[in-house]
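Here the structure comes first, spelled out in structure tokens, and everything after it is commentary.
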Amino acid sequence: MPEEKKSTMLPIRRTFRDDTVTLFANDLVVQHHSNSFVLSFFEIWNPAILGETEEEREKALKAIEVVDARCVARLAVSPDVMRKIVDAMDRNLKKFDEKLEKKKNE
């Protein structure tokens, strides 16, 4: 009879490198493949609409053909990690909303 293997859960110490950069992202694209998810995070800034008069600002706005979204980070993760991400995001969003609601009611 084969010997049963036991797994041991060890604590994880999460560390950040000294040169870790925090980037702002306000747009996200999620793609999935047969064995992975790709999360691409983008930063989009509204263009400056300049002009002395309302008509000049309208003309400047109409002249804009596209607003660029700059990719600031891209992650490829396994389905198991994606499930953990979704769960962590859901739990944290609920906590955030609860705190926000609590502040409104104070």
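Values in this document were obtained by computation on a predicted structure and should not be read as measured data.
Counting only residues at least two apart or in different chains, salt bridge (charged side-chain N to carboxylate O under 4.0 Å, His left out) contacts with residues 31-42 are absent. The salt bridge (charged side-chain N to carboxylate O under 4.0 Å, His left out) pairs that include a residue from residues 23-38 number zero, where partners must be two or more places apart or lie in different chains. The side chain to side chain donor-acceptor pair (under 3.5 Å) contacts involving residues 58-69 comprise nothing, where partners must be two or more places apart or lie in separate chains.
In terms of the side chain to side chain donor-acceptor pair (under 3.5 Å) criterion, residue partners of D87 (sequence neighbours excluded) are, by chain and number, R91. E54 pairs by the salt bridge (charged side-chain N to carboxylate O under 4.0 Å, His left out) definition with R57, not counting sequence neighbours. Considering only residues two or more places apart in sequence or on other chains, T53 meets the side-chain contact (heavy atoms from CB on, under 4.5 Å) condition with E55, E56.
Hydrophobic cluster membership of V66, counting Ile, Leu, Val, Met, Phe, Trp and Tyr whose side-chain heavy atoms lie under 4.5 Å apart directly or via other members: none, as it forms a cluster of its own.
For H33, the NE2 atom counts as densely surrounded, since its 6.0 Å shell holds more than 12 non-hydrogen atoms of other residues, nucleotides or ligands. Within a 6.0 Å radius of CD in Q31, more than 12 heavy atoms belonging to other residues, nucleotides or ligands are found.
Connection of V77 to L28 is established within a shared hydrophobic cluster, with ILVMFWY side chains joined at heavy-atom distances below 4.5 Å, either directly or through further cluster members. Cluster annotation: M89 and V72 are assigned to the same hydrophobic cluster (Ile/Leu/Val/Met/Phe/Trp/Tyr, side-chain heavy-atom contacts under 4.5 Å, transitive).
Under the 4.5 Å side-chain criterion, counting only non-hydrogen atoms from C-beta, D80 is not in contact with K84.
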Taking only distance into account, with no hydrogens and no angle test, what donor-acceptor pairs under 3.5 Å do side-chain atoms of residues 92-106 form with protein atoms, sequence neighbours excluded?
residue, atom, partner, partner atom, Å
N92, ND2, A88, O, 2.8
K94, NZ, D90, OD2, 3.2
N105, ND2, E101, O, 3.3

Check residues 8-18 and write down every donor-acceptor pair under 3.5 Å in which the side-chain atom is one partner and the other belongs to a residue at least two apart or another chain.
residue, atom, partner, partner atom, Å
R17, NE, D19, OD1, 2.9
R17, NH2, D19, OD1, 3.1
R17, NH2, D19, OD2, 2.7

For residues 35-44, tabulate all N or O donor-acceptor pairs below 3.5 Å that involve a side-chain atom, not counting sequence neighbours.
residue, atom, partner, partner atom, Å
S40, OG, R74, NE, 2.9
E43, OE1, R70, NE, 3.3
E43, OE1, R70, NH2, 2.7
E43, OE2, W45, NE1, 2.9

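Across all their heavy atoms, L50 and A60 have their closest contact at O-CB, 3.8 Å. Here the closest heavy-atom approach between residue M82 and residue V30 is recorded as CE-CG1, 3.9 Å.
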